[in-house]
Amino acid sequence: MGRRQGGRQGSHQRRSRGYFSRGGSSMGPTALEGDQPYRTAYAADLSEASVGERIRLAGWVARRRDQGGVYFFDLRDASGVVQVVIDPAEVPAARDLRAEYCISVEGPVRLRPAGMANPDLATGAVELAADQLGVLSRSEPVPFIIDDRAEADERLRLEYRYLDLRRPRMAKNLRARSLAAAAMRDTLGRRGFLEVETPTLIRSTPEGARDMLVPSRLRRGDFYALPQSPQLFKQLLMVGGVDRYYQIARCYRDEDFRSDRQLEFTQLDIEGAFWGRDGVFETLEAVVQAVVERLRGVTLEPPFPRLTYAEALLRYGTDKPDVRFGMEISDLSDAFLKTKFRAFAATLEDGGVIRGFNAGKQEMSRSQLDGLATRAKELGAKGLISAVAEEGGTLRSQTAKHLSEFETAAIIEDLKGQPGDLLLLVADTAAVAAQVLGQLRLQLGRPDRHDDLSFLWVIDFPVFDEVEGGGLAPSHHPFTAPVDLVEMRERPRTAIAKAYDLVLNGSELGSGSVRIHDPEVQQEVFDILGISADESERRFGWFIKALRYGTPPHAGFALGVDRFLAILQQETSIREVIPFPKTQTGIDPMTGSPTAVDPVQLAELGIELRAGVDADDPDREDG
RNA sequence: GGGGGCGUGGUGAAGCCUGGAGUUCACGCCGGCCUGUCAAGCCGGAGGUCGCGGGUUCAAAUCCCGUCGUCCCCGCCA
């Protein structure tokens, strides 16, 4: 584009009002042969206003309806669908059209006869009466129907992803993704953020997730890692005086797949100098608001509510609560201080808790209740107590006979039990009770769809989590600033960090923190993590060195773009908003990757495959 | 690493529990009819290693074991 063309271009100027031109696009017609454009409009452009115009469309044959004397088909292009009517006597080539043929058709737009409009189609009032047809490209019969209503096996969809992407739903998701990215860039650009790229071949820092490694040819035996996030580089940009940074960054974590996890995924990465939590929140809220506005046409009303980590665990049993519904968990321990019910008394003596929530009127059968109890045990509880509130302030439950009147009344009152409500109680350690009740709460109350958008900041995360064996690991990452240095030194297990998550409908959308900008503090954190000065020098020395040169206080955030989009698009898996995702086993069925490589390539890298892992080895260890 | 669901003409399903002839439904494909259809309709036709391997049985899509693929979940994901 941009080169000057003859005056004929002017005859297509009405394209500027077309489907893809709303944002001021300069996309014009493309020359076919000579001066013939492939198209003069998009399908979605046609309306009553186009009646009488002679239009050329290009796209795919979506559905063919052969009436003998007259043919109808839906022509689908990137904008949508419009019906084409064609007389095979006039255009014999129409007889040979098949599904997914790529064609160009031309003719007058006309109003459909009375009663023949299709209200289900945006362009259903009109049709293109084609008198010219060009087959640009034929198609073999497709392996699955290109239609949102047809379910196709996921593996097959990925093998023929290019066909899958023709489905309106997938096209819509791709488009949403582009709009979201534009809204992010727009919002941040206006606020003075600089879009900066960081390297994707970086030093491995074996912390957190497993690194994806890339062998070096120039330095055989050495490896780059693909970034798990641009974390350290964006902090170095702060040292470098960038002040406000963002990047829509590809990140890589070599962990097992889930419906919301892929080996490679996209984050909106943000960092700012002389910045703190509230600044981060305000900016993220603006970004999220812009994206939601663009994709949903819904105006959010920031600020988003905030909940502390401790409160989230207590009331919802998770650090990413779905607050679209109630069923909040209550701690009932105090009501049982003098209980004669041995199971409860023993739990409290051991420092445990008794918590429960009101699941509402569930009308569950005995076997369904048993299923809940089984689920509770799978989640680690010793047991699950279920009770149904009855008229007259009593409980229908196998446990009822062990409870005093006071205790029964307390349960009903604290859980606001109305007659018929199912009340679920767990007596266990605080962690187990939270985990079990939190899961059951989701199972019983969580809405399936994502129509409502319930954003929530979870704040005041702990600095460290206890890991198996009693050691400590960073709750967020080791560059997160503690709220209070003394507290962190003296009570690291309970110390609070300046770390926060953004949660949407029970999904963790992203997390961030105020960072450590003092090299001494950074070293202290490494000490608590059990990383010696020598070791931290070896692994992170290059980074700590940078902190010694007048590092500004800084803070930031990373937003999971794939998860955000999946929720906004009402998809249950991020695969639906990723153009070319991988299967759960890390395979791309279309290209067949990953594959073995030529031994010459390995030799150049100084790599020799161990017996048992060679793809050509019949006794290979894994699949 | 562990648990679970699914795998049946090109596609999606039913059949499997309770073994008895590759049986059924819808879509697609091929041929025919049809001038207002719109997931068109009607008639006819082709199309199968029931994922793969082993076992049980007179007999396996069906039962058992293993394996591969795929999806969901636990672990893991600073």
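For clarity, every value in this text was computed on a predicted model and none was experimentally measured. Naming convention: chains lettered A, B, ... in sequence-line order (proteins, then strands); numbering from 1 in each chain.
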Between B/G28 atom C1' and A/Tyr160 atom OH, what is the distance in whole Å?
14 Å
Value rounded to 0.5 Å, distance of CG in A/Leu313 from NZ in A/Lys320
12.0 Å
Could you work out the separation of B/G47 and B/G5 based on their C1' atoms and round it to a whole Å?
29 Å
With rounding to the closest Å, how many angstrom separate the C1' atoms on B/C63 and B/U57?
10 Å
Are OP1 or OP2 of B/U37 and a side-chain N or O of A/Arg65 less than 4.0 angstrom apart?
no
Given B/G36, B/C38, B/G75, which nucleotide is nearest the side-chain atoms of A/Glu127?
B/G36
Whole-Å distance between B/U70 P and A/Gln262 CD?
12 Å
To the nearest Å, how far apart are A/Asp588 CG and B/U70 P?
11 Å
Report the nucleotide, chosen from B/G75, B/A39, B/A40, that has the shortest atom-to-atom distance to any side-chain atom of A/Asp256.
B/G75
Which nucleotide in the list B/A39, B/C27, B/C77 gets nearest to the side chain of A/Arg253?
B/C77
Return no unless some side-chain N or O of A/Arg63 is found under 4.0 Å from OP1 or OP2 of B/A40.
yes
With heavy atoms under 4.0 Å as the rule, sort A/Glu159 into base, sugar-phosphate or nothing.
nothing
Taking atom types as modelled, find out whether A/Glu154 and A/Thr583 have a side-chain donor-acceptor pair closer than 3.5 angstrom.
no
A side-chain contact here means heavy atoms from C-beta on lying under 4.5 Å apart; do A/Ser536 and A/Gln523 qualify?
yes
Using atom types as modelled and distance alone, determine if a side-chain donor or acceptor of A/Arg446 lies under 3.5 Å from a backbone N or O of A/Asn505.
yes
Confirm from the modelled atom types if A/Arg155 and B/U70 form a donor-acceptor pair under 3.5 Å, side chain to base only.
no
Among the nucleotides B/U70, B/C77, B/U37, whichever has the atom closest to the side chain of A/Thr583 is B/U70
Do A/Arg110 side-chain and B/G36 base share a donor-acceptor contact under 3.5 Å?
yes
Length of the line joining A/Arg64:CZ and B/G28:C1', which is rounded to integer Å
13 Å
Ring geometry between A/Phe479 and A/His477 (parallel below 30°, tilted from 30 to 60°, perpendicular above 60°):
tilted
In whole Å, measure the gap between the C1' atoms of B/A13 and B/A61 for me.
15 Å
Per the atom types in the model, does the base of B/U37 pair as donor or acceptor with the side chain of A/Arg112 at under 3.5 Å?
yes
Tell me whether the centres of the aromatic rings in A/Phe540 and A/Phe526 are closer together than 6.0 Å.
yes
Any donor-acceptor pair under 3.5 Å between the side chain of A/Asp153 and the base of B/G7?
no
Would you indicate what A/Ala499 reaches in the nucleic acid, counting non-hydrogen atoms under 4.0 angstrom: base, sugar-phosphate, or nothing?
nothing
Flag this pair as yes if the NZ/CZ of A/Arg253 is under 6.0 angstrom from the six-membered ring centre of A/Phe265 and inside a 45 degree cone about the axis; otherwise no.
no
Any side-chain N or O of A/Thr585 below 4.0 angstrom from OP1/OP2 of B/U70?
yes
Tell me if the side-chain of A/Asp254 makes a donor-acceptor pair with the base of B/C77, cut-off 3.5 Å, by modelled atom types.
no
Starting from the 5' end of RNA chain B, give me the residue, A/Leu121 or A/Ala152, whose nearest nucleotide shows up first.
A/Ala152
At 4.0 Å (heavy atoms only), tell me whether A/Pro113 reaches a base, stays on the sugar-phosphate, or touches nothing.
base
Using a 4.0 Å heavy-atom cut-off across all strands, classify A/Pro478 as base, sugar-phosphate, or nothing.
base
Among B/U37, B/C27, B/U70, which nucleotide has an atom closest to any side-chain atom of A/Glu154?
B/U70
Nearest-angstrom distance, C1' atom, B/G9 to B/G15:
15 Å
Is there a donor-acceptor pair under 3.5 Å between the side chain of A/Gln228 and the backbone N or O of A/Cys251?
no
From the list A/Arg63, A/Arg65, A/Arg64, side chain to side chain donor-acceptor pair (under 3.5 Å) partner of A/Asp74 resolves to A/Arg65
Check: A/Glu151 side chain, B/U11 base, donor-acceptor under 3.5 Å
no
Pairwise P distance, B/A46 and B/C25 [rounded to whole Å]
14 Å
Would A/Phe144 count as stacked on B/U11 if the rule is ring centres under 5.5 Å and plane angle under 30°?
no
With a 3.5 Å limit on both atom pairs, tell me what B/U70 is paired to, counting Watson-Crick and G-U wobble, or say none.
B/G5
Please give the distance between the C1' atoms of B/G10 and B/G48 as a whole number of Å.
11 Å
Separation of B/C77 atom P from A/Asp211 atom CG, nearest Å, is 13 Å
Could you check whether A/Arg575 gets within reach of a base, just the sugar-phosphate, or nothing at all, counting any heavy atom under 4.0 Å?
sugar-phosphate
Are any of A/Arg149's side-chain N or O atoms less than 4.0 Å away from OP1 or OP2 of B/C27?
no
Side-chain N or O of A/Arg98 versus OP1/OP2 of B/C30: is the shortest distance under 4.0 Å?
yes
Separation of the C1' atoms in B/A60 and B/G19, to the nearest angstrom:
6 Å
Phosphate contact (B/C72 OP1 or OP2) by A/Arg261 side-chain N/O below 4.0 Å
no
Please determine whether any donor N or O and acceptor N or O are separated by less than 3.5 Å between the side chain of A/Glu255 and the base of B/G75.
no
Taking pairing as Watson-Crick or G-U wobble with both contacts under 3.5 Å, can you name the mate of B/C58, or confirm there isn't one?
B/G20
Any-strand Watson-Crick or G-U partner of B/C42, both distances under 3.5 Å
B/G32
Rounded to whole Å, how long is the line connecting atom CG of A/Asp87 with atom C1' of B/G36?
13 Å
Output yes when at least one side-chain N/O atom of A/Ser259 is less than 4.0 Å from OP1 or OP2 of B/C73, else no.
yes
Using the P atom on both, measure B/C64 against B/C27 and round to a whole Å.
35 Å
Under 3.5 Å for both donor-acceptor distances, Watson-Crick or wobble: does B/G47 have a partner, and if so which one?
none
Are A/Arg155 and A/Tyr160 in a cation-pi contact, defined as NZ or CZ under 6.0 Å from the six-membered ring centre and within 45° of the axis?
no
Could you state the atom-to-atom distance from CD of A/Gln231 to C1' of B/C77 in whole Å?
16 Å
To the nearest Å, give me how far apart NZ (A/Lys377) and C1' (B/C74) are.
19 Å
Just call it for A/Leu156: base, sugar-phosphate, or nothing, with non-hydrogen atoms closer than 4.0 Å on any strand.
sugar-phosphate
5' precedence on RNA chain B between A/Arg258 and A/Asp147 (nearest-nucleotide basis):
A/Asp147
Which one, B/U70, B/C72, B/U37, comes nearest to the side chain of A/Gln584?
B/C72
